[in-house]
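Everything below concerns the one structure shown next.
No experiment lies behind these values; they were computed from the predicted model shown.
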Amino acid sequence: MSDYAAFLDRKTQLDGMDGFEPTWMPDFLFPFQRALVEWAVRKGRGAIFADCGLGKTPMQLVWAENVRRHTGKPVLIVTPLAVAFQTEGEAAKFGIEAAVSRTGRPVAGISITNYDRLHLFDPADYGGMVCDESSAIKSFDGVRRQEVTDFMRKMRYRLLCTATAAPNDYIELGTSSEALGYLGHMDMLNRFFRNDMNNSATRGGRFRWSDTGSFGAPKWRFKGHAEDPFWRWVCSWARALRRPSDMGFDDDGFRLPPLEHRQHIIEARTRAEGTLFDFPAIGIHEERAESRRTIHERCEQVAELVAGPDAAVTWCYLNEEGNLLARLIPDAVQVSGSDSLEAKEEALIGFGLGDIRVLVTKPIIGAWGLNWQHCHRMTFFPSHSYEQYYQAVRRSWRFGQKHPVVVDIVTTEGGRNALENLERKATQADRMFDALVSHMNDALAIDRAQAHTKEVEVPAWLF
């Protein structure tokens with residue numbers, strides 16, 4: 001009987017605690033941060049999905065210090081570009097021994113490096129690992145996801161931290177689970193979802209919320225019994241919050257200032273080739289052609305918007321946009337993909353310190369992990385990537401910002417399609433996060449030891 005009950009418990013996929021009791025909980029942590037760190041240390045392998053500005057850096061530093069003391073080995077924190085030095089500065093502020101390593105060797109009790117340099121490191125040197133802004137590993141077919149997953153595979157202690165756990169694609173939760181050593185993405189799909197189209201999950205099986213708010217998808221949907229078990233499973237290895245009150249704590253000190261979006265619709269000076277009239281773009285190919293045809297008009301509008309004395313970020317997507325913006329804005333500094341890692345870090349850090357007034361860069365380069373509360377102005381050429389937009393805005397619109405944040409969205413008539421898509425994905429992300437928070441609170445209220453309250457009755461014919 002006990003063996004059968006244990007079998008049922010294993011089938012829930014609600015993994016237990018594999019960590020240890022924390023030995024160091026410093027006073028500088030807020031109560032909700034302390035609760036999250038205590039859970040993560042006891043869990044051993046877990047994820048903290050906390051919104052921007054809620055203090056993921058001090059939480060992961062305290063987690064890493066506990067693992068270091070427990071294992072007697074260094075801990076590795078991996079971050080996006082330029083965030084490593086920011087993390088090193090936070091560690092010094094809190095009196096934690098941590099330093100940036102570029103060589104692949106441990107340089108302190110806690111070593112910090114960028115994802116770009118992970119291949120230089122040996123996992124055998126470390127007792128645990130933190131993936132800061134772990135959304136960097138979510139790409140389903142991404143080489144980086146596989147590299148990080150392979151690096152952590154034999155580590156007993158692992159922590160993922162991000163504000164965008166899965167903006168609009170539930171496969172991304174499977175990649176996080178796999179990196180932590182729980183269900184892989186295919187195992188997750190087979191256990192909780194049904195593929196109505198009978199097509200391969202490795203070729204674009206994407207999850208989307210339907211307009212009615214239920215979980216509907218062109219290819220994947222929950223099995224009839226699986227929605228609640230799915231969320232309970234996610235909450236067995238992750239904690240999510242957008243504000244302290246999501247976990248029952250006070251929101252004092254964690255209230256965001258106003259956020260203002262201003263749209264600027266630009267008219268093209270030249271018509272599309274072969275047309276007598278300029279019609280709005282329809283479809284992604286026409287949108288891209290319209291974007292290229294209006295580069296000068298859109299960049300001139302951006303240069304006018306950031307002409308004042310305030311610090312500003314101008315986000316772009318095309319190299320031509322970045323090059324033109326750097327020429328049109330006299331005191332702008334551009335960070336482009338062709339720059340060396342050192343040059344990128346120097347410019348991104350310089351902007352954070354206030355040495356640069358206007359930064360020109362792409363979201364894929366600078367939209368993750370950096371704290372720019374000194375800046376409350378930015379411009380944006382919208383794309384269809386909700387995560388890039390969300391992360392870019394949250395560099396400035398985050399807890400600790402003292403001013404209202406203004407985001408000037410510069411686009412064309414055809415670009416309205418991207419804006420509508422962003423709004424739809426924002427609604428999807430909100431619904432997903434609400435589900436995570438709701439089921440997390442349910443999980444906090446349930447003692448796993450009482451998960452099976454009824455004794456199992458074995459049919460008489462088995463005897």
Side-chain angles (χ1 to χ4, degrees), residues 18-20 22 24-26 29 33-34 36-50 52 54-71 73-92 94 96-101 104 106-118 120-138 144-145 147-165 175-182 237-239 368-371:
D18 193 36
F20 54 92
W24 182 60
M25 282 291 120
L29 291 178
Q33 295 172 338
R34 181 187 181 99
L36 286 169
V37 174
E38 287 176 343
W39 168 83
V41 171
R42 294 187 182 108
K43 186 65 185 173
R45 293 174 289 122
I48 296 176
F49 300 145
C52 302
L54 285 175
K56 289 188 291 296
T57 299
M59 285 191 281
Q60 66 194 27
L61 285 167
V62 173
W63 182 91
E65 178 63 14
N66 274 276
V67 172
R68 184 196 69 79
R69 296 185 183 191
H70 181 75
T71 63
K73 298 180 68 175
V75 175
L76 182 65
I77 297 179
V78 190
T79 76
L81 188 67
V83 180
F85 290 100
Q86 183 175 280
T87 303
E88 183 183 53
E90 289 283 293
F94 296 127
I96 299 173
E97 182 195 356
V100 173
S101 174
V107 293
I110 300 173
S111 293
I112 312 165
T113 196
N114 299 129
Y115 284 101
D116 310 77
R117 294 186 172 92
L118 184 60
L120 300 175
F121 290 76
D122 184 350
D125 293 335
Y126 299 92
M129 178 173 172
V130 179
C131 287
D132 186 23
E133 297 298 340
S134 59
S135 56
I137 70 172
K138 290 184 310 185
R144 180 168 295 172
R145 176 190 66 82
E147 180 184 20
V148 174
T149 301
D150 290 344
F151 190 94
M152 290 195 295
R153 193 176 302 281
K154 294 184 179 180
M155 285 189 173
R156 181 170 181 178
Y157 302 112
R158 316 173 203 175
L159 180 65
L160 306 183
C161 295
T162 185
T164 48
T175 58
S176 295
S177 168
E178 184 172 3
L180 290 171
Y182 300 118
W237 51 264
R239 291 290 179 263
W368 274 266
L370 293 162
N371 300 330

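Formation of a donor-acceptor pair under 3.5 Å by the Asp132 side chain with backbone atoms of Val78 is not found in this model. No donor-acceptor pair closer than 3.5 Å links the side chain of Thr57 to the backbone N or O of Thr87. Side-chain N or O atoms of Ser111 include none that pairs as donor or acceptor with a backbone N or O of Pro106 at under 3.5 Å. Judged by distance alone, the side chain of Arg158 and the main-chain N or O of Ala179 form a donor-acceptor pair under 3.5 Å. With hydrogens and angles disregarded, no donor-acceptor distance shorter than 3.5 Å links the side chain of Glu133 to the backbone of Leu370. For Lys73 (side chain) and Ala124 (main-chain N/O), a donor-acceptor pair under 3.5 Å exists by modelled atom type.
Annotation for Val107 and Ser101: closest pair CG2-CB, 3.8 Å, computed over non-hydrogen atoms. What you find for Met25 and Val37 is that their closest heavy atoms are CE-CG1, 3.3 Å. Between Tyr157 and Asp18, the shortest heavy-atom contact is CE2-O, 3.9 Å. Nearest heavy-atom pair, Ile77 versus Ala64, reported as atom, atom and distance to 0.1 Å: CD1-CB, 4.4 Å. The two residues Ser134 and Tyr115 make their nearest non-hydrogen contact at CA-OH, 3.9 Å. The minimum heavy-atom distance between Lys56 and Cys161, with the atom names listed, is CD-CB, 4.0 Å.
Residues Phe20 and Val67 form a side-chain contact, since some pair of their non-hydrogen atoms from C-beta on lies under 4.5 Å apart. At least one side-chain heavy atom of Ile96 sits under 4.5 Å from a side-chain heavy atom of Ile110. Residues Lys43 and Leu180 form no side-chain contact, since every pair of their non-hydrogen atoms from C-beta on lies 4.5 Å or further apart. At least one side-chain heavy atom of Thr79 sits less than 4.5 Å from a side-chain heavy atom of Asn114. Taking 4.5 Å as the limit, some side-chain heavy atom of Met155 sits within range of a side-chain heavy atom of Pro123. Residues Phe94 and Pro58 have side chains in contact (heavy-atom distance under 4.5 Å, counting atoms from C-beta outward). When side chains are defined from C-beta on, Glu65 does not count as touching Val75, because their heavy atoms never get closer than 4.5 Å. Residues Ile48 and Gln60 form no side-chain contact, since every pair of their non-hydrogen atoms from C-beta on lies 4.5 Å or further apart.
For the atom pair CZ of Phe49 and CG of Leu54, the computed distance is 14.5 Å after rounding to the nearest 0.5 Å. If you take CZ on Arg117 and CD1 on Ile112, they are separated by 13.0 Å, rounding to the nearest 0.5 Å. Atom OG1 of Thr162 is separated from atom CH2 of Trp368 by 9.0 Å, given to the nearest 0.5 angstrom. Atoms CZ and CG, on Phe151 and Leu118 in that order, are 5.0 Å from each other to the nearest 0.5 Å. With values rounded to the nearest 0.5 angstrom, Leu76 atom CG is found 10.5 Å from Met152 atom CE. To the nearest 0.5 Å, atom CE of residue Met59 and atom CZ of residue Arg34 are 14.0 Å apart.
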field: side-chain contact (heavy atoms from CB on, under 4.5 Å) assessment of Val148 paired with Met129
entry: CA-CA 10 Å; Val148 174; Met129 178 173 172; 4.3 Å; yes

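Between Trp237 and Tyr182, the two ring planes are parallel [angle under 30°; tilted spans 30° to 60°].
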